[in-house]
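Below: the structure, in structure tokens.
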Amino acid sequence: MIPEVYEVFELLEFHYILKAFDTLEEAVSDFERLLSNGSKQTNVVEVNTTEPKSATPVADKEIKTTQSDQPIRTDLSIEDKVKKIVTTHPNSSTLNIARMLNTPQYGNVKIGWFGLRKILKKIDLDSKKKRQIFSVNYS
């Protein structure tokens with residue numbers, strides 16, 4: 001989904017009902033992981049795998065954490081977790097920061113785009129330029 005559509009998706013709280021993935025491979029991987037964990041899946045959804053020809057890849061869209069990443073202390077505030085992400089991934093978009101927060105490494109923090117924008121504004125990291133400067137100063 002483009003960021004504007006994802007905002008509406010979260011605003012309507014569809015993310016509590018449906019999972020959204022960037023690629024078909026991520027969706028299949030999640031489905032296979034659910035099946036391998038013994039979860040019973042009864043609903044099957046057909047996915048259109050054709051992408052529009054005008055789709056352009058986003059440079060920082062595919063940010064993944066590796067298994068060797070150490071979990072972050074759970075007593076850290078969400079602001080501290082965001083600062084940690086910004087120091088390691090200064091070029092990340094707000095959406096990618098939210099995705100990284102929702103990984104086991106950062107305690108599976110689920111936060112919407114607007115909520116994260118509010119936190120970024122509060123800690124004065126609400127632009128990529130500010131995040132890049134912060135990263136250089138605190139890394």
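Along the sequence shown, residues are numbered consecutively beginning with 1.
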If we count only N and O atoms by modelled type, under 3.5 Å, do the side chains of Asn102 and Arg99 hold a donor and an acceptor together? no
Taking atom NZ of Lys81 and atom CD1 of Ile97, what is their separation to the nearest 0.5 Å? 14.5 Å
Using a cut-off of 6.0 Å, state whether more than 12 heavy atoms not belonging to Phe14 lie near its atom CZ. no
Begin from the C-alpha positions of Lys130 and Ile133 and carry the test side-chain contact (heavy atoms from CB on, under 4.5 Å) through to its verdict. CA-CA 5 Å; Lys130 289 179 183 178; Ile133 292 169; 5.8 Å; no
Any chance you could measure Lys129, atom NZ, to Asn91, atom CG, to the nearest 0.5 Å? 12.0 Å
Can you tell me how far the CG atom of Leu95 sits from the CD1 atom of Ile2, to the nearest 0.5 Å? 12.0 Å
Is it true that a side-chain atom of Lys121 and a backbone atom of Asp126 form a donor plus acceptor pair closer than 3.5 Å? no
Decide side-chain contact (heavy atoms from CB on, under 4.5 Å) for Tyr106 and Thr103; before the verdict, give the C-alpha distance in whole Å, the side-chain angles of both, and the deciding distance to 0.1 Å. CA-CA 6 Å; Tyr106 293 98; Thr103 62; 3.5 Å; yes
Evaluate side-chain contact (heavy atoms from CB on, under 4.5 Å) for His89 paired with Asn96, printing each intermediate quantity in order. CA-CA 9 Å; His89 303 287; Asn96 281 333; over 6 Å; no
For Val86, is there any backbone N or O sitting under 3.5 Å from a side-chain donor or acceptor partner on Arg131? no
The reported gap from CG in Leu101 to CD1 in Ile85 (rounded to nearest 0.5 angstrom) is 4.0 Å
How far apart are the closest heavy atoms of Pro104 and Asn108, and which atoms are they? N-OD1, 3.0 Å
Please tell me if the side chains of Lys19 and Leu34 come closer than 4.5 Å, counting only heavy atoms from C-beta onward. yes
Any idea which heavy atoms bring Leu18 and Phe9 closest together, and the distance? O-CZ, 3.8 Å
Rounded distance [0.5 Å steps], CD in Gln132 versus OG in Ser127: 8.5 Å
From OG1 (Thr94) to CD (Glu7), nearest 0.5 Å: 9.0 Å
May I ask you to decide if Trp113's main-chain N or O and Glu10's side chain share a donor-acceptor pair within less than 3.5 Å? yes
How far apart are the C-alpha atoms of Ile111 and Ile119, what are their side-chain angles, what is the distance that settles it, and do they pass the side-chain contact (heavy atoms from CB on, under 4.5 Å) test? CA-CA 10 Å; Ile111 187 167; Ile119 290 171; 3.5 Å; yes
For Ala98 versus Leu116, what's the shortest heavy-atom pair and its separation? N-CD2, 3.4 Å
